[in-house]
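All remarks here apply to the structure that follows.
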Amino acid sequence: MALKGNLRDFSTTQLLNLINLARKTGTLSIDGPQPAQLSFREGKLIYASLGNGQNDLAHVLFEAGKLNTKQLQIIQSRAGRTSDKQLGHLLIQAGYVTQSDIIQSVRQHVLDIVYKLFTWADGHFRFDANRLPEPDRITIPIDLESVIMEGSRRLKEWERLQHELPNLDVALRFTERPDARLRNINLTVEEWRVVSFVNPRNNISQIARANNLSDFQIRRIVYGLLQAGLVEFVRQQRTAPVVSKTNSTAPPAPEPVEQQSPSVKRSVVHRLIERIRNL
Amino acid sequence: MQAVKMVVTGPFSAGKTQFISAVSEIDVVSTERRISSAAEQIKETTTVAMDFGRITVGPDLVLYLFGTPGQRRFDFMWEILSEGMLGFIVIVDSTRPETFREAKRILETFETYASTPFVVAANKQDHSDAWEPDDLRIILSLQNGVKVLPCVALDKESVKNVLLELLYSVLERMDEEDR
Ligand SMILES: Nc1nc2c(ncn2[C@@H]2O[C@H](COP(=O)(O)OP(=O)(O)OP(=O)(O)O)[C@@H](O)[C@H]2O)c(=O)[nH]1
Ligand SMILES: [Mg+2]
């Protein structure tokens, strides 16, 4: 009866397979890097929460881009104990979101969480039969077969990226090779955001944090940029830049996340002029 | 290694990609897509994410040119792009007066993001129906200190001139700030 153990011995994939095949109803709690809970009804995934807080409808809609910061703040300060279901009705009636916005956003939130669990290699888990989420929560039944397939696919990709890019504490810079294979690269908005932070002073983790990207997402993007020859690693000499910034007496920020060239010296401008004249 | 950034902006089809290509030592990294919306169907492709060009000055210094996407629905990229730039260039298609109002809006938006110097390139001056740079100055209600430069983005020398004028403006601004 007791369905408990550690992911080291029984993986997320195996757990979900079991729950699916046995058509189980209940809640799976995992103590991984963050506490996670997945709820199931008759073998279908219906709800997920990760960490403490940020799983309420307002946050879910905000993360999905359906509410802006201001709207989120208003809801948080005024809505008090309004349940997710009530809030959903209110927002639909007020015309802020549609029913399908809510369903899609909640579904995506649940999937994002469960896919993350596939990468957890360690953590105690426990399945409480017949325990279900609070009744005020919005639940959406999702078939586990497709979740397991997609999760496994992502796990493979994650393992490969982890292998290719084990260390996120290194910085990136643009390649100097004039023959870099820059033809026909299509950059997405997300990739572009990352590109705009490429600077020997920012390591990959910092870029990820500045752009609110997960380790998986940043690895995927950086790997692509590396493959395309657009960026390269900065070798481990985190010394001062060769050309000092205008205000070299300014104390270095403890965790700098810099865009390019916040300030530039006059001599640099002269060099640029000289170079362009001779183009 | 220091990276210096300049932004090349302007309305749809003004010649931003062409401008960057004229001087970049790498093939411009851009995301050209066939155009779907009929309203914007005056040419076959448009830049949907960004243009990205490079001019290496030395082993320790490189200039990057970033072009903004032409279509309005990518406006949210502007603020990200403008961070840390040395200056910006607003490219205007001098033959299409219907875009001048949009050029003005773009220019004013960029000014709110950063107080860096900028110049206006009155592009496509090789066309007989191109409007004069001086007329554009009035239409865009530019202050006297802002340069409006005749430009033909197909011509490298012309593009070099615009870049140089922007750099001169940057130097002038530094002089003013020192005073
Ligand atoms: N005759 C002439 N044609 C030009 C000039 N500059 C650009 N063009 C042409 O104008 C068209 C638009 O140029 P692009 O460089 O694609 O314009 P863009 O601003 O990048 O356009 P979007 O990215 O779609 O906003 C192309 O067909 C260019 O070849 C110029 O100075 N003279
Ligand atoms: Mg373009």
Side-chain angles (χ1 to χ4, degrees), chain A residues 65 171 173-201 210-211 225 228-230 232 234 239-246 257-279, chain B residues 1-6 22-33 48-64 66 69 74 76-77 80-87 116 156-157 159-175 177-178:
Chain A
R173 66 172 170 217
F174 293 112
T175 47
E176 287 155 50
R177 288 169 293 138
D179 62 331
R181 288 156 289 155
L182 290 177
R183 226 171 273 268
N184 298 328
I185 298 176
N186 289 352
L187 295 183
T188 63
V189 169
E190 219 118 72
E191 287 163 338
W192 160 241
R193 279 176 188 271
V194 170
V195 164
S196 73
F197 278 91
V198 167
N199 179 315
R201 292 180 175 217
N211 289 293
L225 297 175
L230 195 57
E232 63 191 10
V234 177
T239 48
V242 185
V243 176
S244 60
K245 306 279 159 109
T246 315
V257 170
E258 282 186 11
Q259 301 264 344
Q260 289 122 18
S261 60
S263 56
V264 167
K265 263 195 167 180
R266 202 178 299 251
S267 63
V268 168
V269 180
H270 282 294
R271 288 179 64 197
L272 291 170
I273 289 172
E274 199 49 39
R275 177 74 181 90
I276 289 171
R277 279 192 186 139
N278 292 320
L279 270 180
Chain B
M1 167 70 110
Q2 184 169 11
V4 176
K5 170 163 101 179
M6 283 185 189
V23 288
S24 175
E25 65 201 17
I26 55 175
D27 287 340
V28 171
V29 181
S30 66
T31 318
E32 299 287 329
R33 286 284 153 75
V48 295
M50 64 153 192
D51 295 319
F52 178 77
R54 185 183 72 199
I55 299 172
T56 303
V57 180
D60 58 337
L61 180 62
V62 60
L63 171 67
Y64 289 107
F66 289 117
F74 298 107
F76 65 94
M77 291 298 300
I80 304 172
L81 273 162
S82 63
E83 270 195 71
M85 64 187 173
L86 183 63
T116 52
K156 183 173 177 181
E157 289 305 315
V159 172
K160 278 166 62 178
N161 179 56
V162 173
L163 290 173
L164 287 170
E165 289 295 341
L166 175 57
L167 288 165
Y168 300 151
S169 292
V170 170
L171 281 181
E172 283 157 24
R173 175 73 62 88
M174 286 176 168
D175 287 342
E177 281 169 359
D178 284 354

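Everything quoted here is computed from the prediction, not taken from an experiment.
A heavy-atom distance below 4.5 Å is found between the side chains of A:Arg173 and A:Glu232.
A donor-acceptor pair is defined here as one N or O able to donate and one able to accept, closer than 3.5 Å; such a pair exists between the side chain of B:Ser24 and the backbone of B:Arg54.
No other option in B:Leu171, B:Val159, B:Leu63, B:Leu163 has as many heavy-atom pairs under 4.5 Å with chain A as B:Leu171. Heavy-atom pairs under 4.5 Å with chain A peak, among B:Thr116, B:Val170, B:Ile55, at B:Ile55.
For B:Lys160, the side-chain contact (heavy atoms from CB on, under 4.5 Å) partners two or more places apart in sequence, or in a different chain, are A:Ile276, A:Leu279, B:Val23, B:Lys156, B:Glu157.
Across B:Leu167, B:Val162, B:Asn161, a single residue satisfies side-chain contact (heavy atoms from CB on, under 4.5 Å) together with B:Glu165, and that is B:Asn161.
The contact between B:Asp175 and chain A is made by backbone and side chain atoms together, counting heavy-atom distances below 4.5 Å.
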